[in-house]
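Here is the structure we will look at.
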Amino acid sequence: MLLQADESQLVLVDYQERLMPAIHESQAVLANARRLAQAAQRLGVPVWATEQNPARLGANDAQLRALADKTLAKMHFSAVADGLAQWLSPQVAPARGNARSLPRHLRQSAPQKAERCSIVLAGCEAHVCLLQTALELLDEEWEVWVVTDACGSRTERNRDAAFDRLAGAGAELVTTEMVIFEWLRSCEHADFKELQALIK
């Protein structure tokens, strides 16, 4: 099973400026998150971000924040508890009729927008906010793809324990390059050279 750009959404969890210095290998983690966001933006993949208690922990990294379509301020560790799922699957307004409409029982329902059911997830801390968000998304039957090299915790042990638990729960564990090349699918893609340069 491969990721498809037109079925994906990218969620970036808590890359906050006050938190990142404490994260193991934070510079590499943040660089990969930026690559993911740039690739997503270029390919039309929605980019959502979260910030945990921003009054205390500050805003996300400025470059990453600028690449996000929208940023959710949250107090729960899981972003789902603070409304992320509503962003991922917006309610479609029912079609409105007029005086010349067919009777209700003869009307066809309006076609639903194609749902982007693959959630590509990365963030900090892997064993707390990222883990809880991923598990709740899995509970709600989303496909969850965790980008391991764009995730971090203060310790490797906590990060790796999160990956073990996520794999056991049904999340797909991937890397930044896997995501980008699966979104592109071919070296003939119009954006291949530009996105290849992000990785090099």
Side-chain angles (χ1 to χ4, degrees), residues 1-15 20 23-50 60-72 79 84-85 87-90 111-124 126 130-131 133-134 137-138 140-153 156 159-160 162-164 166-200:
M1 183 169 62
L2 298 173
L3 276 167
Q4 296 187 67
D6 62 358
E7 292 181 2
S8 297
Q9 300 185 66
L10 176 63
V11 177
L12 302 171
V13 177
D14 306 351
Y15 291 92
M20 291 311 294
I23 299 298
H24 178 69
E25 297 180 339
S26 63
Q27 290 183 341
V29 166
L30 186 55
N32 284 325
R34 288 174 181 158
R35 286 184 187 100
L36 283 169
Q38 289 170 313
Q41 191 176 64
R42 181 74 185 179
L43 297 171
V45 173
V47 181
W48 312 110
T50 71
N60 280 341
D61 166 75
Q63 288 181 34
L64 209 55
R65 202 171 210 281
L67 293 165
D69 297 314
K70 207 169 172 184
T71 299
L72 175 69
L84 176 66
W87 288 14
L88 299 176
S89 184
Q112 298 287 319
K113 288 194 289 186
E115 188 175 277
R116 289 175 172 264
C117 58
S118 297
I119 308 305
V120 179
L121 192 63
C124 302
L130 177 100
L131 174 77
T133 299
L137 288 171
L138 287 165
E140 294 193 8
E141 300 186 357
W142 292 92
E143 294 174 10
V144 176
W145 305 69
V146 176
V147 189
T148 57
D149 61 351
C151 293
S153 293
E156 288 179 88
R159 182 201 63 199
D160 294 346
F163 295 156
D164 289 344
L166 287 163
E172 293 283 341
L173 302 186
V174 293
T175 66
T176 300
E177 289 194 23
M178 286 180 187
V179 172
I180 293 172
F181 284 112
E182 287 178 33
W183 279 346
L184 286 169
R185 204 58 67 88
S186 167
C187 64
E188 294 179 320
H189 192 289
D191 296 308
F192 172 72
K193 286 187 178 176
E194 182 177 337
L195 296 186
Q196 185 184 38
L198 279 180
I199 294 163
K200 290 183 175 180

Between the CG atom in Asp164 and the CZ atom in Arg159, the distance rounded to the nearest 0.5 Å is 10.5 Å
Decide yes or no for Leu2 and Arg185: does some side-chain heavy atom of the first lie under 4.5 Å from some side-chain heavy atom of the second?
yes
Closest heavy-atom pair, Cys124 versus Val29, reported as atoms and distance to 0.1 Å, is SG-CG1, 4.2 Å
On a heavy-atom basis, the closest approach of Arg35 and Leu198 is NE-O, 2.9 Å
Any heavy-atom pair between the side chains of Leu30 and Arg34 that's under 4.5 Å? yes
Here the gap from Thr71 atom OG1 to Leu64 atom CG, rounded to the nearest 0.5 Å, amounts to 8.5 Å
Could you check if a side-chain atom of Leu12 sits within less than 4.5 angstrom of a side-chain atom of Leu67, using non-hydrogen atoms only? no
Note: Thr133 and Ala79 closest approach over all heavy atoms is OG1-N, 2.9 Å
Working for side-chain contact (heavy atoms from CB on, under 4.5 Å), residues Leu43 and Leu184: CA-CA 8 Å; Leu43 297 171; Leu184 286 169; 4.3 Å; yes
Taking every heavy atom of Val45 against every heavy atom of Arg116, the minimum-distance pair comes out as CA-NH1, 4.1 Å
Go through it in stages, so that I can follow the logic: the residues are Val144 and Leu166, the test is side-chain contact (heavy atoms from CB on, under 4.5 Å), and I'd like the CA-CA distance, side-chain angles, deciding distance and then a yes or no. CA-CA 9 Å; Val144 176; Leu166 287 163; 5.9 Å; no
Closest non-hydrogen atoms of Leu138 and Ala169, given as atom of the first, atom of the second and distance, are CD1-O, 3.8 Å
The reported gap from OG in Ser89 to CG in Leu84 (rounded to nearest 0.5 angstrom) is 11.0 Å
| Can you tell me if Thr176 and Asp149 form a side-chain donor-acceptor pair at under 3.5 Å? | yes
Residues passing the side chain to side chain contact (heavy atoms under 4.5 Å, CB included) test with Val179, sequence neighbours excluded, are Leu3, Leu36, Val120, Val147, Val174, Trp183
Are the side chain of Ser118 and the backbone of Glu143 linked by a donor-acceptor contact shorter than 3.5 Å?
-> no
Scanning both residues in full, the closest heavy-atom pair of Pro46 with Asp69 reads CA-OD2, 3.3 Å
Distance col, row Cys151:SG vs Tyr15:OH, nearest 0.5 angstrom, shows 5.5 Å
CG (Asp61) and CE (Met20) are apart, to the nearest 0.5 Å, by 8.0 Å
So CG of Leu10 and CH2 of Trp48: to nearest 0.5 Å the spacing works out to 11.0 Å
